[in-house]
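The structure appears below as C-alpha cells.
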Amino acid sequence: MAILALETAVPETTAPAFLTSGRPATGTGTPTDTRSIAALLLRAAREHPDSGLRHCRGGAAAPSHFQTYPELLDEARRVLTALRARGVRPRQNVVLLLDRPQEFLTAFWACVLGGFVPCPMTPPAGDPERWAAQLAHVDALLGRPLLIAGESAHAELPQAADITVTTLGSLCGEQPAERFHEAEPQDTAVLMLTSGSTGNSKAVRLTHANLLASMAGKNGYHRLTATDTTLNWVSFDHVAALLECHLLPLYAGSRQLHVEPGVVIGEPAEFLRLASQHGVTMTFTPNFLLGMLNATADRITEEPLDLSRLRHVISGGEAVPRATGEAFLARFAPLGLAPDTLWPAFGMTETCAGSVYSRHFPAADRDREFANLGTPVEGLRMRVADERDRALPEGEIGELQLSGPMITPVTTTTSGPPPTPSPPTAGSAAVTSAGSTRDGSASSGGARTASSSTASTTSATRSRPRWNSSTGSHGPTLPRSRSARPAATPSSW
C-alpha cells in the first residue's frame with residue numbers, strides 16, 4: 001500500500017521482516033540491533049504472541065478484555081496509517097488525551113512506530129479555566145502538536161481552545177501500516193509533562209536510549225519473565241505507569257493488567273482483589289493507597305483473597321513512612337502477603353521513574369521514621385556532594401547527584417518543539433533534598449528535581465534541603481521537576 005511520502009528521507013523498518021525474523025530488519029533487509037523502544041513491542045508480538053494486556057472495565061468482578069501483543073501491534077499499525085494520511089511526520093509532537101488504557105496504548109504505539117513523539121496529558125479536575133490555560137501553554141510549548149482525544153475528553157475540551165485535535169475513533173479502521181520509522185537511540189521517544197503546580201508545565205524529554213537502559217536496569221532487580229503478571233491503576237501521564245507498569249513487563253514479555261484510576265481510588269480493596277484474582281506478581285502504588293488499605297484491613301482480610309503470588313509492590317512518588325509500610329505487610333500477611341513484598345523506591349521523570357529500590361524493607365529501616373530509598377539499578381551512579389560538587393563521606397549532609405544512561409539529556413522549558421537531539425551521553429542530575437547514603441543505599445527527606453546532561457536542580461523557591469550521607473530519612477512527597485542550574489559533569493566523579 002502507498003505510504004505518505006516524507007519531506008526528508010528517514011530509515012524505516014518493514015513489519016513482516018521483523019515479525020518473521022529474530023532481529024529487526026531495515027527496509028533494505030539489513031539486520032540491526034535494538035535501537036528504539038519500537039523493538040520492544042515488535043519483539044513481544046513475535047516471541048510472546050499469547051501474552052498481552054487485560055483491560056478491566058471495573059473491579060475484579062467486572063468484565064475484562066484480553067488483548068494480545070500482536071493485536072496491540074495491529075491496532076497501532078492501523079492508527080499509524082491514519083496519522084500518516086493526516087500528514088503527521090517523524091519527530092512531530094502528538095499530545096495524547098486518552099483516559100482508557102487500551103486507547104492510550106494504541107495511540108502511544110502508533111506514534112512510536114511512526115517516529116512521532118507522544119506526550120501524555122490529563123486535564124485538571126474541576127477547573128475549566130486552568131484547563132484552557134494549560135492547553136494553550138502546551139500547544140505553544142510543543143509547537144502546535146496534534147492532540148488525539150477520547151470521545152468524552154473531546155466533548156469536554158474548552159470551547160475557546162485553539163488547538164489541532166482529532167478523536168482516536170476517527171483514526172481507526174485503516175489498513176495496518178507496513179513500514180515503521182527506524183529511530184536513532186538519541187531520538188526523543190516520549191515527552192512527559194511536569195505537574196505545573198508552581199508554574200507552567202515543562203516537557204521532560206526521554207530518549208529511546210534512556211528508556212532501553214532503564215528497562216535493562218530495572219529488570220536487573222525485578223527479574224520479570226513471561227510468566228509474570230503486572231498490575232497498573234495509575235494514569236499514563238505519570239511516568240511510573242508508562243515505564244514501570246507497561247514498558248517493563250513488555251520488555252520481559254509479561255502479562256499486564258490495566259484498570260482505570262477511579263476503580264481503585266473509589267474502592268481501594270479492588271487493588272488487592274484484582275491482584276488476587278489475576279495472580280499479579282508485581283505492581284506499583286504511591287504510599288497513600290497503603291494507608292487507605294490499612295484503614296480497612298479488618299474488612300478486606302475477611303475476603304477469600306490470595307496474595308501469595310505478589311512478589312513486589314513498588315511504592316514511590318511519595319515518602320513511605322516505616323510504620324505505614326510495616327502495617328501493610330503485617331495486616332495482609334493472613335492473605336499470603338510475604339514480609340519482604342514492599343519495595344520503597346525513588347525515581348523521577350528525569351531518571352525514567354524508579355531507579356533506586358529498597359529490597360530489604362523493613363529490616364533495613366528499624367528505628368527510622370521513613371523507609372530507605374535503596375540502591376541504584378545497574379548503570380546508575382549516585383553520590384552526595386557539597387556545594388562545590390566535591391564528594392562527601394558517609395555521615396555528611398549534601399546534595400544527591402545521579403549519573404547514568406537513563407538520565408534525561410534535556411528538559412524542554414521554552415516555547416516551540418524540543419531542541420535538536422545531541423549525541424547520546426550519560427546524563428547526570430543533582431537532586432536537592434534532605435537524606436542520606438549508607439553502604440550504597442540512599443534515603444531522602446524529599447526531592448525537588450529537574451535535570452539535564454550537566455545540570456542539577458533546586459526548588460522553585462531556591463531553598464536547598466540537603467542529603468546526609470548516612471543517617472537521613474525519606475520524608476515529604478517527591479514533587480515533579482522544577483528548574484535547573486549548572487553542576488559537575490559525570491566525568492568528574
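Model, not experiment: these values are computed from the prediction.
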Checking [X] side chain against [Y] main chain: does a donor-acceptor pair fall under 3.5 Å?
X	Y	result
Glu318	Asn287	yes
Arg43	His48	no
Asn232	Cys245	no
Thr207	Asp187	no
Thr106	Gln102	yes
Thr188	Val190	no
Thr283	Leu231	yes
Thr81	Ala177	yes
Ser355	Gly347	no
Arg130	Pro123	no

Please round to the nearest 0.5 Å and tell me the distance separating atom [atom1] of [X] and atom [atom2] of [Y].
X	Y	atom1	atom2	result
Leu53	Leu105	CG	CG	6.5 Å
Ser152	His154	OG	NE2	11.0 Å
Glu350	Leu402	CD	CG	10.5 Å
Ile148	Cys111	CD1	SG	5.0 Å
Leu248	Asp228	CG	CG	9.5 Å
Ile314	Thr285	CD1	OG1	11.0 Å

Between Arg57 and Glu260, is the closest basic N to carboxylate O distance under 4.0 Å?
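Salt bridge: no.
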In terms of side-chain geometry, is the basic nitrogen of Glu75 or Arg78 positioned less than 4.0 Å from the acidic oxygen of its partner?
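No.
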Do [X] and [Y] come within less than 4.5 Å of each other through their side chains, counting heavy atoms only?
X	Y	result
Val138	Leu147	no
Val112	Phe180	no
Leu342	Leu290	yes
Pro120	Met192	yes
Arg273	Glu267	yes
Phe108	Leu98	no
Leu380	Val356	yes
Asp99	Ser235	no

So which atom in [X] and which in [Y] form the shortest heavy-atom distance, rounded to 0.1 Å?
X	Y	answer
Ser254	Leu224	OG-CB, 3.8 Å
Cys56	His278	SG-NE2, 4.3 Å
Pro90	Gly114	CG-O, 3.8 Å
Thr122	Gln134	O-NE2, 4.4 Å
Ser64	Arg54	OG-NH1, 3.0 Å
Ala60	Glu270	N-OE1, 2.9 Å

Just checking Glu303: does its CD atom have more than 12 heavy atoms from other residues, nucleotides or ligands closer to it than 6.0 angstrom?
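Yes, because the 6.0 Å sphere around CD of Glu303 holds more than 12 heavy atoms from other groups.
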Is the CZ atom of Arg311 crowded by more than 12 outside heavy atoms at less than 6.0 Å?
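Check passes, neighbour count above 12.
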Apply side-chain contact (heavy atoms from CB on, under 4.5 Å) to Leu146 and Phe116, showing your working.
CA-CA 10 Å; Leu146 173 66; Phe116 321 141; over 6 Å; no
List the steps, then state whether side-chain contact (heavy atoms from CB on, under 4.5 Å) holds for Thr408 with Thr349.
CA-CA 8 Å; Thr408 178; Thr349 302; over 6 Å; no
Residues which pass ring-ring contact (aromatic ring centres under 6.0 Å, His included) with [X], listed by chain and number, not counting sequence neighbours:
X	result
Phe328	Phe332
His208	none
Phe284	His238

Can you check side-chain contact (heavy atoms from CB on, under 4.5 Å) on Arg205 and Asn210, steps first, answer last?
CA-CA 9 Å; Arg205 173 183 170 233; Asn210 290 152; over 6 Å; no
Parallel, tilted or perpendicular, judged at 30° and 60°: which one describes the rings of Trp343 and Tyr221?
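Trp343 and Tyr221: perpendicular rings.
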Stepwise side-chain contact (heavy atoms from CB on, under 4.5 Å) check, Val239 with Cys352
CA-CA 7 Å; Val239 69; Cys352 290; 5.9 Å; no
Do Gln256 and His246 pair up side chain to side chain, a donor and an acceptor below 3.5 Å, judged on atom types alone?
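Judged by distance alone, the side chains do pair up.
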Candidate pair Arg77 and Glu178, rule salt bridge (Lys or Arg N to Asp or Glu O under 4.0 Å), full reasoning
CA-CA 8 Å; Arg77 291 168 61 191; Glu178 294 295 332; 3.4 Å; yes
